[in-house]
Amino acid sequence: MANILKERLKNGEFVIGTFLNIANPAIPEIIGLNGFDFLVLDFEHTSLDFSIAENLIRAAQLVNCSTIIRTADKNPSNISRALDIGADAIQIPQVGSLEEAEMVIKNSKFFPSGERGASHYVRAARYSNIDKIKYYTTENDNTLIIIQIEGANAIKELDEILKIKEIDVIFIGPVDLSMSLGVPGEINHPLVEEKVKEIIEKARNSGKSVGTYVEDLATFEKRARQGVKMLTYWLDVGLFYNACKESFNSLKSIINAIND
C-alpha cells in the first residue's frame, strides 16, 4: 500500500501534524478526526513503548492519519521495531554527522539498500498476508525516512548528508539547535534563524523536503512561507494544556464579573 504522507511530500504539498505523548488511542482518533495529516509518536521524551504504540497506530489509521515514530535513539533494533509495527515513517533525533546519517539508512532499509533485520511475520507485512518478496521490495520504497538536524556539526556536514538519496525529510529541531548554538531555548534568536534558513535552503536545493516544529501561528506561517512543507505544530499535551487554560480563564472571568 502506498505511503500517502511520502507521496504528498514528494508532490510538494504542505502536511500538518503534531507530536503525540499521551498513551491513549482516543488521542490519535480525535486528532485525526480534526484533520491533522500526521502524528509523531515521541519515544525520545516520553514513556511510550512499542506495545502501546502499535495500538496508537491502529487508532490513527482508522481516521486516515499517518504515523511517524520518533525513536529514542539510533539503535538498529528500535528503528526496525518501529517500522515492523506499521509506522509510516521513522524520525531519528540528533543525527550529528554523515556517518550517523548513513547508519540510519543502513538500519532502516532491507537489502540491497541496507541491513535491516528481515521478518514478514510482522504487522507491517500484515503478519505474512503480503508476499514476502513483494513486502521487502515495497517496504524499501514506501518507508519515509526523516532525520533531525539540530547540531552544529551536522550543519557542517549537511552538504554531504544531503547526497544520501534515501533520506526523504530534513527535520530542523529548533530547541536543540538553540542549545548547540549557545543560546538555550532562544529559538527565535538571530543565530538560530540564520542556521534554520541555511538548512532550509540547502535541503530544498537538494530536492529534500523540510520539516520542523513550531509553537505559534506566526512562526508556523513564517516557516511555511520559507518552504517548510512538513509542519509539526505543538504536541497533544501542549494543545490540551492550552485548551484547559483558555477554558478555565474564560469561565473564571464570568465568575469574577458576577462577583463584582
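Owing to the predicted nature of the structure, the values given are computational and were not obtained by experimental measurement.
Remark: the backbone N or O of Ala243 is paired with a side-chain donor or acceptor of Ser247 at under 3.5 angstrom. Counting only distance, with no hydrogens or angles, the side chain of Thr137 and the backbone of Ile133 share a donor-acceptor pair below 3.5 Å. Of the possible donor and acceptor atoms, one in the side chain of Ser97 sits under 3.5 Å from a partner among the backbone N and O of Glu100.
The ring pair (Phe, Tyr, Trp, His ring centres under 6.0 Å) pairs that include a residue from residues 29-49 are Phe43-Phe50, where partners are two or more places apart or lie in different chains. Residue pairs satisfying the side chain to side chain donor-acceptor pair (under 3.5 Å) criterion with at least one member in residues 144-154, sequence neighbours excluded, are listed as follows: Arg70-Gln148, Gln91-Gln148, Gln148-Glu150, Asn153-Glu157. Residue pairs meeting the ring pair (Phe, Tyr, Trp, His ring centres under 6.0 Å) criterion with at least one partner in residues 164-184, sequence neighbours excluded, are absent.
Between Phe220 and Ile16 the shortest side-chain heavy-atom distance falls below 4.5 Å. In this structure, Ile145 and Val104 have side chains that are in contact, with non-hydrogen atoms separated by less than 4.5 Å. Annotation: side chain of Leu162 is in contact with side chain of Lys202 (closest heavy-atom distance under 4.5 Å). Side-chain contact between Pro184 and Met179 is present, with at least one heavy-atom pair separated by less than 4.5 Å. By the 4.5 Å heavy-atom criterion applied to side chains, Val210 and Ile172 are counted as neighbours. Ile68 places none of its side-chain heavy atoms less than 4.5 Å from the side chain of Leu39. By the 4.5 Å heavy-atom criterion applied to side chains, Thr18 and Ile31 are counted as neighbours.
Residues forming a side chain to side chain donor-acceptor pair (under 3.5 Å) with Ser51 (at least two apart in sequence, or on another chain): Asp49. Residues passing the salt bridge (charged side-chain N to carboxylate O under 4.0 Å, His left out) test with Glu29: none are found, sequence neighbours excluded. Applying the side chain to side chain donor-acceptor pair (under 3.5 Å) rule to Asn24 yields no partners; only residues at least two apart in sequence or on another chain are considered. Considering only residues two or more places apart in sequence or on other chains, Tyr213 meets the ring pair (Phe, Tyr, Trp, His ring centres under 6.0 Å) condition with Phe19. Residues meeting the salt bridge (charged side-chain N to carboxylate O under 4.0 Å, His left out) test with Lys195, sequence neighbours left out: Glu198. Applying the ring pair (Phe, Tyr, Trp, His ring centres under 6.0 Å) test to Tyr136 and every residue at least two apart in sequence or in another chain returns Phe110.
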**OP:** Show your working on side chain to side chain donor-acceptor pair (under 3.5 Å) between Arg58 and Asn55 and close with a plain yes or no.
**Re:** CA-CA 5 Å; Arg58 287 189 176 101; Asn55 285 327; 2.8 Å; yes
Subject >> Verdict with reasoning, Asn188 to Glu193, per side chain to side chain donor-acceptor pair (under 3.5 Å) >> reply: CA-CA 6 Å; Asn188 296 313; Glu193 190 63 30; over 6 Å; no
**OP:** Please report the C-alpha distance between Ile149 and Ile161 in whole Å, then the side-chain angles of each, then the deciding distance to 0.1 Å, and finally whether the side chain to side chain contact (heavy atoms under 4.5 Å, CB included) criterion is met.
**Re:** CA-CA 10 Å; Ile149 298 295; Ile161 291 171; 4.3 Å; yes
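With a 4.5 Å cut-off between side-chain heavy atoms of Ile, Leu, Val, Met, Phe, Trp and Tyr, the cluster of Val63 takes in Leu33. If you chain together ILVMFWY residues whose side-chain heavy atoms come under 4.5 Å of each other, Phe111 ends up in a group of its own.
Ile170 and Ile105 fall within a single hydrophobic cluster, where Ile, Leu, Val, Met, Phe, Trp and Tyr are joined by side-chain heavy atoms under 4.5 Å apart, directly or via other members. Side-chain heavy atoms closer than 4.5 Å link hydrophobic residues (I, L, V, M, F, W, Y) into clusters, and following such links, even through other members, never connects Leu239 to Ile30.
Ion pairing of Lys222 with Asp216 is absent here, as no side-chain N (NZ or NE/NH1/NH2) approaches a carboxylate O to less than 4.0 Å. By the 4.0 Å N-to-carboxylate-O rule, Asp168 lies too far from Lys208 to be salt-bridged with it. Between Lys229 and Glu13, none of the side-chain N atoms (NZ, or NE/NH1/NH2) sits under 4.0 Å from a carboxylate O, so this pair counts as no salt bridge. Using a 4.0 Å cut-off between a side-chain N of Lys or Arg and a carboxylate O of Asp or Glu, Asp37 and Arg8 qualify as a salt bridge. In this structure, Lys109 does not pair ionically with Glu139, as no charged nitrogen and carboxylate oxygen lie closer than 4.0 Å.
Other residues, nucleotides and ligands place no more than 12 heavy atoms under 6.0 Å from the CD atom of Glu201. For Lys106, the NZ atom is loosely surrounded, since the number of other residues' heavy atoms within 6.0 Å does not exceed 12.
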Less than 3.5 Å apart, which donor and acceptor atoms pair up between the side chains of residues 118-126 and the rest of the protein, not counting sequence neighbours?
{"unit_1": "Ser119", "atom_1": "OG", "unit_2": "Tyr121", "atom_2": "N", "d": "3.2"}
{"unit_1": "Arg123", "atom_1": "NH1", "unit_2": "Ile85", "atom_2": "O", "d": "3.1"}
{"unit_1": "Arg123", "atom_1": "NH2", "unit_2": "Gln61", "atom_2": "OE1", "d": "2.6"}

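Interatomic distance, OG1 of Thr67 versus CD of Glu54, reported as 11.0 Å (0.5 Å rounding).
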